[in-house]
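Just below is one structure, and these are the notes that go with it.
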Amino acid sequence: MPWSQITNIKGPPGEKGEAGLANGSFSKLLSSHLDLYVSTTGDDTTGDGTELLPWASPHRAMRELFAYIITPEASATVHIADGQYTFSEPLEIGHPNGERIKVLGGSVGSSKPSSSELTGNAETGNTAGSLAFNDAVLAGYYNTRWQFNAPQALLCTSGNGVTLDQILVRGAGQTTKAGLVLKGGAVNLGINYSGNVAFCNCSLGVEVAARSLKAPGIQVANCNTGLSVSGGRAELDSLVVANCSEQGIDCSGGYLQAMTATSQRNGSSGVRAYGTAVVEFSYSNCSFNNGDGIEARGAAAVTANSSKLRNQTRSGALVSGSASVSLDSAQVSGNQMNGLSAGEHATLSAGYGQILSNGQVGLSVSGCATVKAAGASISSHPQVGVSVNGPAYLDAFGATISSNTGGGVSIQQGGTAYLVQASLYGNGGTGIKVQGDGYVDFTGGDPSVTLSPAANTLGNGRGYISR
């Protein structure tokens, strides 16, 4: 085997596991590439990790690698043969030189399942039917499948995470609390997946509490919560989360980048961000969730520009507290309640968005919220297109507000709306109605739009429309 035997090489100081051995010392040095093999026909006792005598578990291969310093010019690959593997213990995938280790599953199908295939047979939430459907979809692609009947599946508690590829990680429902857990560790380099990894049937699919996770293209299905980020940094572009019992994505802190991602058919919100979480979710899709598409509160900051928020049982996006959400150029349609709702001290940007055919109000602004919706198109709602209630503020310069059955714009209780050069047409009832001491600037607006009170006239409740 291509390694040198060196006794008592001191590793970096730190807690147990950080240097690979409990006492922080190594017994071997790996200075060139090493291939190790695992198979369903292998044996952890009599095998030696070669292709002829493979081990039976990746646990045995990692225990072997924990004894080595892997030099910068060296690397190791653990080859996992096709098959179904069942484990009763979690697998620690952190190693001081984990960035030089790859755990590679066997063959995969010709086409990775897309978000349009991982749909739970059009059921919402983690039902028996959606689990059976998604299980079959994933098993049809991943020929290397790890079944963990353990409290956790994969752990990275210290060091650097290895790279995983072409593996399906499956839990035992509530018994498996997490498919992947990142906590602690002195080195913040994280885990780098190639994208061919999926997690299914765990209480929590992926948990990032610290450190850094880079895993573009991973898929999470039929967990209680698909992804939880409470600290650290997660870069998960093209993530797919489907058919979870609760939130698809839950962020209470740290940073999540999940561009071109999908969160669909979950039992609650597609994305929930609160606390101090920062979420980048642009060019992504939230659809058919049994809750809001995006729910942001606390001091969370969410950017979801050019995303699609469609067909939720509640609103496309609900923003409250002092949260900040950007939905510029987003498409918001078919949601059963409001298209977009902002309240309390929230800030929302929806410039040039398409807010169409939602179940109640197109854009609702209340409390002390501030909303900017320049150039937005807000149309085809059974209630008013825009509602501004309280001391809230709306700037909808150049917006188009049309074909809303309950009226174009309703201002109440001190709300302020700037509708300069906005276009209003085809709305039922009154085009712009101001009640209380609200104010609307309709400079440059169409003179044929019906106004209450009349332009440049103080209403009974001190409402005023300037044109």
Side-chain angles (χ1 to χ4, degrees), residues 269 286-295 308-320 325 327 330-344 346 348 350 353-396 399-419 422-436 438-440 442 445-446 448-453 459 461 463 465:
S269 298
C286 270
S287 61
F288 295 100
N289 294 292
N290 190 24
D292 301 300
I294 295 175
E295 176 190 353
K308 297 178 181 179
L309 310 178
R310 300 178 295 187
N311 301 304
Q312 332 297 334
T313 61
R314 291 179 59 84
S315 297
L318 175 64
V319 191
S320 61
V325 172
L327 290 167
Q331 298 180 31
V332 184
S333 63
N335 301 289
Q336 294 182 24
M337 295 179 66
N338 298 332
L340 300 176
S341 294
E344 298 180 345
L348 170 65
Q354 302 290 315
I355 306 171
L356 312 173
S357 303
N358 298 286
Q360 295 181 4
V361 175
L363 172 60
S364 174
V365 190
S366 62
C368 297
T370 298
V371 173
K372 295 183 178 181
S377 178
I378 305 169
S379 69
S380 303
H381 297 95
Q383 299 182 22
V384 295
V386 175
S387 172
V388 183
N389 193 348
Y393 171 88
L394 169 67
D395 183 351
T400 298
I401 304 168
S402 63
S403 303
N404 299 289
T405 303
V409 178
S410 173
I411 310 296
Q412 300 182 53
Q413 299 178 357
T416 299
Y418 282 83
L419 302 174
S423 175
L424 281 79
Y425 60 89
N427 298 293
T430 305
I432 301 174
K433 185 175 184 178
V434 181
Q435 297 174 291
Y439 173 78
V440 172
F442 193 44
D446 185 345
S448 67
V449 174
T450 57
L451 306 178
S452 176
I465 302 175

### Message
Treating Asp446 as the side-chain partner and Ser448 as the backbone partner, does any N or O pair qualify as donor plus acceptor under 3.5 Å?
### Response
yes
### Set of residues satisfying side chain to side chain contact (heavy atoms under 4.5 Å, CB included) with respect to Ala346, sequence neighbours excluded
Val319
### Task
With the side chain counted from C-beta on, respond yes when Ser315 and Asn338 share a heavy-atom pair under 4.5 Å apart, and no when they do not.
yes
### Query
If you take all heavy atoms of Ala350 and Ala376, which pair is closest and at what distance?
O-CB, 3.7 Å
### Query
Looking at Leu419 and Phe442, what are the two nearest heavy atoms and their distance?
O-CD1, 3.6 Å
### Query
Is there a donor-acceptor contact under 3.5 Å from the side chain of Asn427 to the main chain of Asn404?
yes
### Query
Roughly how far apart are Leu348 CG and Ser341 OG, rounded to 0.5 Å?
9.5 Å
### Query
Say you draw a straight line from CD of Gln331 to CG of Leu309; how long is it, rounded to the nearest 0.5 Å?
9.5 Å
### Query
Rounded to the nearest 0.5 Å, what separation is found between the CD atom of Gln383 and the CD atom of Gln360?
5.0 Å
### Closest non-hydrogen atom pair, Ser379 against Leu356
OG-CD2, 3.1 Å
### Summary
Residues pairing under ring pair (Phe, Tyr, Trp, His ring centres under 6.0 Å) where one sits in residues 361-393, two or more places apart or in two chains, turn out to be Tyr393-Tyr418
### Shortest non-hydrogen contact from Val371 toward Ala342
CG2-CB, 3.8 Å
### Task
Calculate, to the nearest 0.5 Å, the distance between atoms CG and NZ belonging to Leu451 and Lys433 respectively.
12.5 Å
### Message
Please determine whether a side-chain nitrogen of the Lys or Arg among Asp395 and Lys372 lies less than 4.0 Å from a carboxylate oxygen of the Asp or Glu.
### Response
no
### Task
Report the C-alpha distance between Asn311 and Ser287 in whole Å, list the side-chain angles of each, state the deciding distance to 0.1 Å, and finish with yes or no for side chain to side chain donor-acceptor pair (under 3.5 Å).
CA-CA 6 Å; Asn311 301 304; Ser287 61; over 6 Å; no
### Summary
Value for OG (Ser410) from CD1 (Ile432), rounded to nearest 0.5 Å, stands at 11.0 Å
#### Entry: Gln312 vs Cys286 side-chain heavy atoms within contact, under 4.5 Å
yes
### Message
To check you understand the geometry: which heavy-atom pair defines the closest contact between Ala392 and Val365, and what is its length?
### Response
CB-CG1, 3.5 Å
### Message
Measuring only between side-chain heavy atoms, which start at C-beta, is Val434 closer than 4.5 Å to Pro453?
### Response
yes
#### Entry: Ala373 versus Leu394, closest heavy-atom pair with distance
CB-CD1, 4.3 Å
#### Entry: Nearest-0.5 Å distance that lies between atom OG1 in Thr400 and atom CD in Gln354
9.0 Å
### Message
Taking the side chain as everything from C-beta on, heavy atoms only, tell me whether Asp292 gets closer than 4.5 Å to Ser269.
### Response
yes
